[in-house]
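The model shown is predicted, which means the values in this text are computed figures rather than measured ones.
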There are 2 protein chains.
Amino acid sequence: MRARVLEEATRLFAAQGYDGTPLQQIAEAVGVRKPSLLYHFPSKDALRQAVLDALLSRWADVLPRLLMAAGQGDQIFEGMVREAVGFFTADPNRARLLVRELLDHPQEMKVRLLTQLRPWIEVIARYLRRGQEMGVVRAELDPEAYLVVVANLLVTGIASTELLGVLVASEPDPERQVRELVRVAHDALFVSKEIVPGRAARAGVPPTAVAKPAGRAPARRGGARAARHGR
Amino acid sequence: MRARVLEEATRLFAAQGYDGTPLQQIAEAVGVRKPSLLYHFPSKDALRQAVLDALLSRWADVLPRLLMAAGQGDQIFEGMVREAVGFFTADPNRARLLVRELLDHPQEMKVRLLTQLRPWIEVIARYLRRGQEMGVVRAELDPEAYLVVVANLLVTGIASTELLGVLVASEPDPERQVRELVRVAHDALFVSKEIVPGRAARAGVPPTAVAKPAGRAPARRGGARAARHGR
DNA sequence: CCTACCGATCGGTAGG
DNA sequence: CCTACCGATCGGTAGG
């Protein structure tokens with residue numbers, strides 16, 4: 001029952017916001033009376049925090065697993081992006097809820113980010129710097145700032161995919177938008193070799209390090225697949 | 001007086017949201033009684049729309065001027081990004097308000113974006129395609145999707161600069177984050193030549209077309225200057 | 001632009 | 001988990 005409440009509260013908070021969602025409405029969605037909610041959660045604010053905890057605790061599992069699994073440093077990008085895209089496209093409410101919390105409770109989120117996300121950023125930033133030394137990652141890239149930009153890009157980009165679709169084409173295609181999202185993150189990260197004609201590509205860059213995406217057929221880079229692997 | 005109300009309402013809606021801001025609080029900030037607000041605006045919702053109108057109407061002036069001014073196609077990027085960054089860093093409340101409206105009133109915003117933004121996206125997308133034919137803009141870039149991604153990136157990135165700063169460094173530096181924001185947009189747009197050693201750079205790309213940023217000193221590309229040129 | 005006021009709705013409690 | 005209920009606050013109106 002507690003799980004049901006969290007589920008409906010997540011959906012409604014994401015769609016209408018905390019202030020825009022009365023307990024009454026959550027109770028109706030769950031199928032109980034309002035005071036029953038306050039038996040499981042001492043207050044509406046406690047419910048909000050429980051919803052947020054449930055959302056962020058999933059990342060606490062996913063992040064370490066990702067960093068362990070990626071043996072080679074250059075596979076981290078694909079793994080992390082695929083996981084993030086999959087997580088948020090499976091239920092865009094997750095992304096919307098995060099954005100709302102960032103706006104509505106900046107101080108509380110600042111503490112959460114600092115303790116739960118900052119350590120991982122430092123770890124991944126070290127990988128990026130190693131990539132820079134190897135000439136695989138763009139030298140002018142600012143590791144920590146890049147990671148924050150991309151995290152923000154993925155979360156807000158997916159949160160508003162449905163809405164912003166009308167700007168891209170008459171018949172919105174979420175996959176197309178997510179694909180471009182991932183491409184932007186990718187091309188801003190790796191040193192690219194696309195325009196180099198022929199053998200110049202071999203100059204100074206270890207051929208195995210950058211991995212496949214650069215020279216291959218464009219527009220099939222994980223967004224599509226990840227969007228399908230669902231929840 | 002109407003202007004004063006719009007000003008305070010913008011600030012409070014941006015910080016606390018529409019549902020989180022009572023008319024009473026706006027009245028206090030302006031220095032009048034609550035019913036006086038409803039003399040200038042027929043309802044709270046009418047006030048919200050007036051605030052949004054005031055914000056978006058500024059872009060209706062800025063966008064055309066930008067596209068007129070940029071004589072060369074390759075200057076459009078710098079001009080647009082500088083203008084957008086300047087506009088939103090001058091008052092991050094503008095960015096936050098836009099993000100809130102996107103979440104709280106998606107249908108209404110969909111109509112606004114479709115009529116007020118879509119035409120411009122089509123125009124700029126044509127410039128991008130021309131750049132692709134010239135080999136200056138990345139071939140795998142999806143013009144319309146790219147523009148939406150970057151617009152979203154700038155708005156949300158600046159909306160949360162202050163908050164996300166703690167993830168980048170112990171002593172947050174807004175300029176550093178904005179700089180990386182602009183770099184990501186830039187490097188995901190243009191074909192880069194950085195790793196090409198020596199004369200290979202001349203192969204197939206008109207030297208004057210790409211303009212300066214690519215080969216020069218990194219990390220001084222408009223974010224810093226724009227952030228200073230204020231409101 | 002004000003005072004006075006209203007009906008509706010809110011989060012939360014009493015008591016079982 | 002329910003019924004019954006409360007004080008506070010909300011957007012908005014009457015009337016001047």
Side-chain angles (χ1 to χ4, degrees), chain A residues 1-55 93 96-98 100-109 112, chain B residues 1-55 93 96-98 100-109 112:
Chain A
M1 177 49 51
R2 213 187 115 97
R4 284 275 303 137
V5 176
L6 285 176
E7 185 183 331
E8 296 298 335
T10 301
R11 188 175 57 82
L12 291 167
F13 286 163
Q16 311 172 347
Y18 176 79
D19 287 316
T21 306
L23 285 176
Q24 171 66 26
Q25 193 179 0
I26 301 173
E28 280 173 16
V30 175
V32 296
R33 302 287 179 172
K34 190 178 60 168
S36 305
L37 257 48
L38 296 165
Y39 167 77
H40 294 283
F41 304 91
S43 71
K44 189 188 179 185
D45 191 75
L47 172 57
R48 177 185 66 78
Q49 294 197 41
V51 164
L52 194 56
D53 281 337
L55 179 64
N93 281 335
R96 296 191 191 108
L97 194 71
L98 276 185
R100 283 192 186 278
E101 284 297 324
L102 247 34
L103 288 167
D104 288 341
H105 306 93
Q107 288 308 326
E108 185 187 332
M109 285 301 282
R112 282 183 187 269
Chain B
M1 178 47 52
R2 214 187 113 98
R4 283 275 302 138
V5 176
L6 285 176
E7 187 183 330
E8 295 298 335
T10 300
R11 188 176 56 84
L12 291 167
F13 285 163
Q16 311 172 346
Y18 176 79
D19 287 317
T21 305
L23 284 175
Q24 170 67 25
Q25 194 179 358
I26 301 173
E28 278 172 16
V30 175
V32 297
R33 302 288 178 170
K34 189 177 61 167
S36 307
L37 257 48
L38 297 165
Y39 168 77
H40 294 283
F41 304 91
S43 71
K44 190 188 180 186
D45 191 75
L47 172 57
R48 178 185 64 79
Q49 294 197 39
V51 164
L52 194 55
D53 281 337
L55 179 64
N93 281 335
R96 297 191 190 109
L97 195 70
L98 276 185
R100 283 193 186 278
E101 285 295 323
L102 248 35
L103 288 168
D104 288 342
H105 306 93
Q107 288 308 325
E108 184 188 333
M109 286 300 281
R112 282 182 187 270

> For the side chain of A:K44 and the base of C:dG12, is some donor closer than 3.5 Å to an acceptor across the two?
Replying inline: no
> Could you give the CD1-to-P distance, from B:I26 to D:dG12, as a whole number of Å?
Replying inline: 11 Å
> Is the count of non-hydrogen atoms from other residues, nucleotides or ligands lying under 6.0 Å from B:R4 atom CZ greater than 12?
Replying inline: yes
> Between atom CD in A:Q24 and atom C1' in C:dC10, what is the gap in whole Å?
Replying inline: 10 Å
> Atom CG of B:D45 and atom C1' of D:dC10: how far apart are they, to the nearest Å?
Replying inline: 15 Å
> Of all the nucleotides listed (C:dC1, C:dT3, D:dC10), which has the minimum atom distance to the side chain of B:R33?
Replying inline: C:dT3
>> Using whole Å, what does the distance between atom C1' of nucleotide C:dA14 and atom NZ of A:K34 come to?
In response: 14 Å
>> Pairing check on D:dG15: which nucleotide meets the Watson-Crick or G-U wobble criteria with it, both distances under 3.5 Å?
In response: C:dC2
> Any idea which of D:dG11, C:dC2, D:dC2 is nearest the B:P22 side chain?
Replying inline: D:dG11
> Can you check the A:Q25 CD to C:dC10 P distance for me, whole Å?
Replying inline: 9 Å
> If you look at every heavy atom in A:T21 and A:L12, which pair is closest and at what distance?
Replying inline: OG1-O, 3.3 Å
> Choosing from C:dG12, D:dG12, C:dC1, which nucleotide comes nearest the side chain of B:M1?
Replying inline: C:dC1
>> Using whole Å, what does the distance between atom C1' of nucleotide D:dA14 and atom OH of B:Y39 come to?
In response: 16 Å
>> Whole angstroms only, please: what is the CD-P distance between A:Q16 and C:dT9?
In response: 15 Å
> Using 4.0 Å as the upper bound for N to carboxylate O, is an ion pair formed by B:D53 and B:R112?
Replying inline: yes
> Over how many whole Å does the gap from B:D19 atom CG to D:dG11 atom C1' extend?
Replying inline: 12 Å
>> Using a heavy-atom cut-off of 4.0 Å across all strands, would you classify A:L23 as base, sugar-phosphate, or nothing?
In response: sugar-phosphate
>> Donor-acceptor check, side chain of B:K44 to backbone of B:Y18, threshold 3.5 angstrom: yes or no?
In response: yes
>> By the 4.0 Å heavy-atom rule, please label B:P35 as base, sugar-phosphate, or nothing.
In response: base
>> Using the side-chain heavy atoms of B:L38, tell me which of these nucleotides is nearest: C:dC10, D:dC2, D:dG12.
In response: D:dG12
> Counting only N and O atoms by type, is there a donor-acceptor contact under 3.5 Å from the side chain of A:R100 to the main-chain atoms of A:A14?
Replying inline: yes
